[in-house]
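Remarks on the structure that follows.
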Amino acid sequence: MDPATSPDLPAKPPAAVAFAVHVFTACGAACALLALLAAISADWPQMFVWLGIALVIDGIDGSFARYLRVAERLPRWSGDVLDLVVDILNYVFVPGYAITASGLLPHALAVPLGLVIVITGSLYFADRKMKTLDHYFRGFPALWNVAAFYLFLLAPAPWLGAALIVALAALTFVPFHVVHPIRIAHLRGLTTTALILWALLAVIAVAEHLAPGVWAVTALCVLAIYFVAVGFLRRHHP
């Protein structure tokens, strides 16, 4: 059967509808600017609100694009390139600034470590093998927004925070596997449940100005361990 006439696929949408998906993705860049403005004002909870909204956009825009066959309808516009531009702002640049300016790192190392974050993060997004064929990430997937969230949440000793930044930057180039919480079929039900719980707890943490009760902090740490561990349970190794 011709894929274009398959009953499982929608008809080609109007160009305006397809372009609206790109605009939706680009709204993530607007979130990055608003997050940066909040970070400059040291309004860290508000920064994480905007980074969180960007994370939601990034989590669902691809599904819209695939369902509406946007790449086929608008071949001039590259959704992949747009996604990378928006991601590097929200996952690397804004968190890199926040970590540098946070006061959570040793003063003498804050700027050098910020440079390490943006350089290694940029290299990761340029890696054509950043994902496996079955949608796992290779290496630490430049989730500096999440790293920043835990750094602000836990507020470790400055030297320990610096060590964690160095370790994560090094892990960018180590070929272990990290689960994509939406696109991986293996343990999808459990992972989706964990993702929803994590999101709810993160909202609570931000609402509590990044100082929630110990139960929320503990649960967020346990969930982080789960997301790391589940990557080691990967079944397929192409």
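In this chain, residues are counted from 1 in sequence order.
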Can you get from [X] to [Y] by hopping between Ile, Leu, Val, Met, Phe, Trp and Tyr side chains that sit under 4.5 Å apart?
X	Y	value
V166	V174	yes
L164	F173	no
F176	V230	yes
L201	Y150	yes
V17	V70	yes

Among all residues two or more places apart in sequence or in another chain, which pass the ring pair (Phe, Tyr, Trp, His ring centres under 6.0 Å) test with [X]?
X	value
F149	F48, W198
F24	F64
F140	W144

For this session: Could you walk me through whether Y124 and V92 pass the side-chain contact (heavy atoms from CB on, under 4.5 Å) test, one step at a time?
Result: CA-CA 10 Å; Y124 186 83; V92 178; over 6 Å; no
Evaluate the side-chain proximity of [Y] to [X]: yes if any heavy-atom separation is below 4.5 Å, no if none is.
X	Y	answer
V179	Y136	yes
V118	Y97	no
I99	L105	yes
F227	L195	yes

Reported [atom1]-to-[atom2] distance for the pair [X] and [Y], which is rounded to 0.5 angstrom:
X	Y	atom1	atom2	value
T100	I165	OG1	CD1	8.5 Å
L160	L104	CG	CG	11.5 Å
D87	D83	CG	CG	4.5 Å
L197	T193	CG	OG1	8.5 Å

What pairs with [X] under side-chain hydrogen bond (donor to acceptor under 3.5 Å, both in side chains), at least two apart in sequence or on another chain?
X	answer
T120	none
D58	Y91
N145	none
W50	none

For this session: Could you give me the CA-CA distance, side-chain angles and deciding distance for I196 and L200, then say whether side-chain contact (heavy atoms from CB on, under 4.5 Å) is met?
Result: CA-CA 6 Å; I196 293 171; L200 291 173; 4.2 Å; yes
Side-chain donor-acceptor pairs of residues 214-224 under 3.5 Å, sequence neighbours excluded:
from, atom 1, to, atom 2, distance (Å)
T218, OG1, V214, O, 2.8

On a heavy-atom basis, which atom in [X] and which in [Y] lie closest, and how many Å separate them?
X	Y	value
A142	F125	CB-CE1, 3.8 Å
L109	A162	CD1-CB, 4.3 Å
G96	I117	CA-CG2, 3.9 Å
M47	A98	SD-CB, 3.5 Å

Only pairs under 3.5 Å count here: list side-chain donor-acceptor contacts from residues 202-211, not counting sequence neighbours, and write none if there are none.
none

Problem set entry | Linked hydrophobic residues, V81 as query - side chain contacts closer than 4.5 Å |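 Members alongside V81: V85.
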Exercise. Is V86 isolated, or which residues cluster with it under the ILVMFWY side-chain rule of less than 4.5 Å, directly or via members?
Worked result: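 V86 clusters with L82.
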Exercise. Is the backbone N or O of A169 less than 3.5 Å from a side-chain atom of T172, with the two atoms forming a donor-acceptor pair by type?
Worked result: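 Yes; at least one donor-acceptor contact below 3.5 Å.
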Exercise. Would you say the side-chain atoms of R138 pair up with the backbone N or O of M130, donor to acceptor, closer than 3.5 Å?
Worked result: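 Answer holds: no.
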Exercise. Just wondering, are more than 12 heavy atoms of other shown residues or ligands nearer than 6.0 Å to CZ in F93?
Worked result: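 Open: at most 12 neighbouring heavy atoms sit under 6.0 Å from CZ of F93.
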Per-pair distances, 0.1 Å, donor-acceptor, side chain in residues 25-43, under 3.5 Å, sequence neighbours excluded:
from, atom 1, to, atom 2, distance (Å)
T25, OG1, V21, O, 3.2
T25, OG1, D61, OD2, 2.8
S41, OG, L37, O, 3.3
D43, OD1, Q46, N, 3.3

